A.B. asks: 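Pasting a structure below so you can have a look.
Values below: every heavy atom of this structure, side chains too, minus hydrogens, waters and symmetry copies. Given the structure is predicted, the values throughout are model-derived calculations rather than measurements.
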Amino acid sequence: MSMVGMVGQTRRRALEGARSRAQDPRRQLAALGPVEQLRAGRLGRRLGQLLVGLWLYGVSIALMVRGVLGNMPWDVLHQGIARHLPLSLGTIIIGVSVLVLLLWIPLRQPPGLGTIANALLVGVAADVTLWLIEPGEGYAARAGLMALGVLLNGVASAMYIGAQLGPGPRDGLMTGIARRTGWSLRIVRTGIEVAVIALGWLLGGIVGVGTVVYAVAIGPLTQALLPWFTVTLPGADRSASEAR
């Protein structure tokens, strides 16, 4: 067999493997409450994946900020607020997360362990990475940081969602509003993200090509990666669900 044929065959097998993982009912996200999430099994593996995923999420935020080509939607708001307060970006991320969690109360949205970890850890990881990495010099370096940030965010999102320990504060706000109003999740998410981008831009947050690339790419990227990172939960009652 020629080298081209071997590469093609390997690629086909990889695609078939990805499809089979996505269709495997054991790899579908489970519809679990906070207590059931902890009792569903494989907690050690899931906690480790959750923490790594959340840390990488914070790293991806910092990479896009250092790329200076546009931030993720919520980070446009975070950066805009940080320009007016003597606080680090990571501290603002944590503060906004806590405020968003307060909005869960009227929505009767129960937080999970992953929700609390998300609120506390992502901002810390973002600040540490911002301290370690300087802004990109030149368009090529900035574009590279932006692209790496988007790709890493897709991996990080799949990891923490696949751990099945509860949605992040902003994800839970979207799903909670959608559940209470009956509106589609797409409409709710689009409305919230347009609002936070607009407010963040008015406050001085950076909107640019990176914001557009992220908005277009993150959904398909996370969906493609999620079957690889969804932890199977023995005995859990599974149903398909959506998350950020």
A.B. asks: Within a reach of under 6.0 Å around CZ of R186, are more than 12 heavy atoms found that belong to other residues, nucleotides or ligands?
C.D. replies: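 No, because the 6.0 Å sphere around CZ of R186 holds 12 heavy atoms or fewer from other groups.
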A.B. asks: Can you measure from CD (Q164) to OG1 (T232) and round to the nearest 0.5 angstrom?
C.D. replies: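 One finds 9.0 Å between CD of Q164 and OG1 of T232.
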A.B. asks: I want to check something: taking the side chain as every heavy atom from C-beta on, are Y160 and L165 in contact at a cut-off of under 4.5 Å?
C.D. replies: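 In short, these two side chains do not touch, never coming nearer than 4.5 Å.
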A.B. asks: Within the distance-only criterion (no hydrogens, no angle test), does the side chain of R66 pair as donor or acceptor with the backbone N or O of T129 below 3.5 angstrom?
C.D. replies: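 Not confirmed, R66 side chain does not pair with T129 backbone.
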A.B. asks: So, taking the atom named CD1 in I177 and the one named CG in L103, what distance separates them when rounded to the nearest 0.5 Å?
C.D. replies: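 Rounded to the nearest 0.5 Å, the CD1-CG separation comes out at 7.5 Å.
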A.B. asks: Keeping to residues at least two apart or across chains, list the side-chain hydrogen bond (donor to acceptor under 3.5 Å, both in side chains) pairs with something in residues 77-94.
C.D. replies: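 The answer is N71-Q79, D75-H78, H78-R170, S88-T91, S88-D127.
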A.B. asks: Would you say the side-chain atoms of T190 pair up with the backbone N or O of I187, donor to acceptor, closer than 3.5 Å?
C.D. replies: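 Such a contact is absent between T190 side chain and I187 backbone.
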A.B. asks: Using 0.5 Å steps for rounding, measure from the CG atom of L77 to the CD1 atom of I192.
C.D. replies: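 One gets 12.0 Å once the value is rounded to the nearest 0.5 Å.
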A.B. asks: Without swapping roles, check the side chain of W104 against the backbone of P169 for a donor-acceptor pair under 3.5 Å.
C.D. replies: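 Yes.
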A.B. asks: Of all heavy-atom pairs between A217 and V150, which one has the smallest distance, and what is that distance?
C.D. replies: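 Smallest heavy-atom distance, with atoms named: CB-CG1, 4.1 Å.
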A.B. asks: Using the side chain to side chain donor-acceptor pair (under 3.5 Å) rule, pick out the option among R189, R180, Q109 that qualifies with T175.
C.D. replies: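 Exactly one candidate clears the test, Q109.
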A.B. asks: Looking at N118, T115, L173, V96, which one forms a side chain to side chain contact (heavy atoms under 4.5 Å, CB included) with L101?
C.D. replies: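 Among the candidates, only T115 passes.
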A.B. asks: Is L85 reachable from L99 through a run of hydrophobic residues whose side-chain heavy atoms are each under 4.5 Å from the next?
C.D. replies: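 No, it is not one cluster - the side chains of L99 and L85 are not joined through contacts under 4.5 Å.
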A.B. asks: Honestly curious: do I61 and V212 fall in one hydrophobic cluster under the side-chain, below-4.5 Å linking rule?
C.D. replies: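 No, I61 does not connect to V212 through the hydrophobic network.
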